Amino acid sequence: AWRVLTMVRSALGISLSANGQAPVTVAYNTPDAGTTTSNPVDMGDLTANSRHLDADIGFFAFYDRALSAAEIASTYKAIQRLMAAKGFAV
């Protein structure tokens, strides 16, 4: 089954939402770790540590701001309808 993941990165940590649920935040060990170029976000592959995503990425989007919990839920529902119309379960 497909999963819809929403991630927000800030100076304090990373918030992750799965399938439209309320986000869970994991704090960084040091302040501002998420705001420097020495801490990039990798999509699907991090060869430096031999970490690879063993899955398919259907689509993704980047926003210039954090989405609210309501926007995350609404986006999930829209993706769910789109995928259902194509015959995929989310």
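Please read these numbers as outputs of a predicted model, since none were measured by experiment. Excluded from the calculations below are hydrogen atoms, water molecules and symmetry mates; all remaining heavy atoms, backbone and side chain alike, are included.
Of the possible polar contacts, none joining the Ser74 side chain to the Ala70 backbone as a donor-acceptor pair under 3.5 Å is found.
The shortest non-hydrogen separation linking Gly20 to Ile72 is CA-CG2, 4.1 Å. Residue Pro23 comes nearest to Ser17 through the heavy atom pair CA-CB, 4.1 Å, listed as atom of the first residue, atom of the second, then distance. Of all the heavy atoms in Met7 and Ile14, the pair that sits closest is CG-CG2, 3.4 Å.
In this structure, Val4 and Gln80 have side chains that are not in contact, with every pair of non-hydrogen atoms separated by 4.5 Å or more. At a threshold of 4.5 Å between non-hydrogen side-chain atoms, the residues Leu67 and Arg65 count as touching.
With rounding to the nearest 0.5 angstrom, the OG1 atom of Thr25 is 9.5 Å from the CG atom of Leu16. Considering CG of Asn19 and OG1 of Thr6, their distance stands at 9.0 Å, rounded to 0.5 Å.
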